[in-house]
Visitor: 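So that we are looking at the same thing, I have put the structure below in structure tokens.
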Amino acid sequence: MVRATFGGRLDAAVSRFGALCVGIDPHPGLLAEWGLTDDPDGLERFAMSCVEALVGHVAVVKPQSAFFERHGSRGIAVLERVLAAFAGGPTLTLLDVKRGDIGSTMDAYADAYLAIGAPLGADAVTLSPYLGFGSLGPALDAAVDAGRGAFVLARTSNPEGAPVQLAEWAGRSVGQTMVDAAAARNAGAEPLGDVGVVVGATSDHGLDLSALGGPVLAPGLGAQGAGPADIVARFAGVSGIVLPSASRSVLTAGPDAAAVRSAAEALRDELAAEH
């Protein structure tokens, strides 16, 4: 059986719905704003309202695993239901887990999130490469086999990331080596490679993304301070798709699902108008 590649499916989703990724981040403050209890029942009402609002209306949604994990096994069960609700549909899921390890532990993470039949399988996940890009090999290989993708941290917007990501090794910043390694994985892929990178949208990143050949997840749109014009300016040289990601600026429109959908569509249209 030949599986459609993640890059091909993402390209089709963005062509249909525009390049916006909406975070599903059920943190305590948003649950309270929606009048929900900070427990698994409130979490499920929040999460399934997001499903109703967003499925078939945006290209990508990005559930933040930590906000489900904080509720224990019942929270993980809600996350499984969210992923299942989007599975096989027109809106892709990018699970924000930032996993990274070596050897058999990386194999186990791959089984959990990326392998065929993975219990927490999403269309793509975020990965941390700071045990070395090569340590991600089992996850990236499993993703290819299952038609999934991965977004590797390269240049995050938090100040604490700079000493690591901007450090130089062999004449390049560490962040740039991650971009170049992703580009090597994507070489020859059409229309788009399966390995993306995460590059914050809230400040200038200083990376050469011209040879990436894959998608860029650009968190920070909306409440974190980046606007549509910033996305255009900071990612003008990308050879691939840029997915600006917003969460709070969309989700604060809730709890009404139609209002959340309208907020997402308005932001999506703002992005499109800048291109």
Visitor: Table please: side-chain donor-acceptor pairs of residues 17-29 below 3.5 Å, with sequence neighbours left out.
Guide:
| residue | atom | partner | partner atom | Å |
| --- | --- | --- | --- | --- |
| Asp25 | OD2 | Ser247 | OG | 3.2 |
| His27 | ND1 | Gly29 | N | 3.4 |
| His27 | ND1 | Leu30 | N | 3.3 |
| His27 | NE2 | Arg248 | NH2 | 3.0 |

Visitor: Less than 4.5 Å apart, any side-chain heavy atom of Val174 and any of Thr177?
Guide: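 In short, these two side chains touch, coming nearer than 4.5 Å.
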Visitor: Return the CG to CE distance between Asp111 and Met106, rounded to the nearest 0.5 Å.
Guide: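 Rounded to the nearest 0.5 Å, the CG-CE separation comes out at 10.0 Å.
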Visitor: For a quick test of your reading: what N or O donor-acceptor pairs under 3.5 Å do the side chains of residues 131-140 make, sequence neighbours left out?
Guide:
| residue | atom | partner | partner atom | Å |
| --- | --- | --- | --- | --- |
| Ser135 | OG | Gly132 | O | 2.5 |

Visitor: Is there a side-chain contact between Leu217 and Asp96 in this structure, where contact means two heavy atoms from C-beta onward sitting under 4.5 Å apart?
Guide: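 Side chain of Leu217 against side chain of Asp96, heavy atoms only: no contact under 4.5 Å found.
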Visitor: Output every pair passing side-chain hydrogen bond (donor to acceptor under 3.5 Å, both in side chains) with a member in residues 205-220, not counting sequence neighbours, ordered by first then second residue.
Guide: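 Found Asp208-Ser210.
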Visitor: Any heavy-atom pair between the side chains of Leu221 and Pro228 that's under 4.5 Å?
Guide: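 Of all side-chain heavy-atom pairs linking Leu221 with Pro228, at least one is under 4.5 Å.
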Visitor: In the structure I gave you, are the side-chain heavy atoms of Lys98 and Thr126 within less than 4.5 Å of one another anywhere?
Guide: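 Result yes, sub-4.5 Å side-chain heavy-atom pair found.
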Visitor: Main chain of Leu114, side chain of Arg148: is a donor-acceptor contact present, judged purely on distance under 3.5 Å?
Guide: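 Yes.
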Visitor: Charged N to carboxylate O under 4.0 angstrom, Arg74 versus Asp41?
Guide: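 Salt bridge present between Arg74 and Asp41.
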Visitor: If we only count heavy atoms from C-beta on, is the Leu251 to Val260 side-chain gap below 4.5 Å?
Guide: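 Yes, their side chains come closer than 4.5 Å.
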Visitor: What residues, two or more places apart in sequence or in another chain, satisfy ring-ring contact (aromatic ring centres under 6.0 Å, His included) together with Phe46?
Guide: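 Expected list: Trp34.
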Visitor: Do the non-hydrogen side-chain atoms of Leu243 and Leu10 ever get within less than 4.5 Å of each other?
Guide: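 Side chain of Leu243 against side chain of Leu10, heavy atoms only: contact under 4.5 Å found.
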Visitor: Under the salt bridge (Lys or Arg N to Asp or Glu O under 4.0 Å) test, which residues partner Arg234, sequence neighbours left out?
Guide: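 For Arg234 the salt bridge (Lys or Arg N to Asp or Glu O under 4.0 Å) partners, ignoring immediate neighbours, are Asp204.
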Visitor: Under the ring-ring contact (aromatic ring centres under 6.0 Å, His included) rule, what pairs show up with a residue in residues 156-194, not counting sequence neighbours?
Guide: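 Checked against ring-ring contact (aromatic ring centres under 6.0 Å, His included) - neighbours excluded - no pair reaches residues 156-194.
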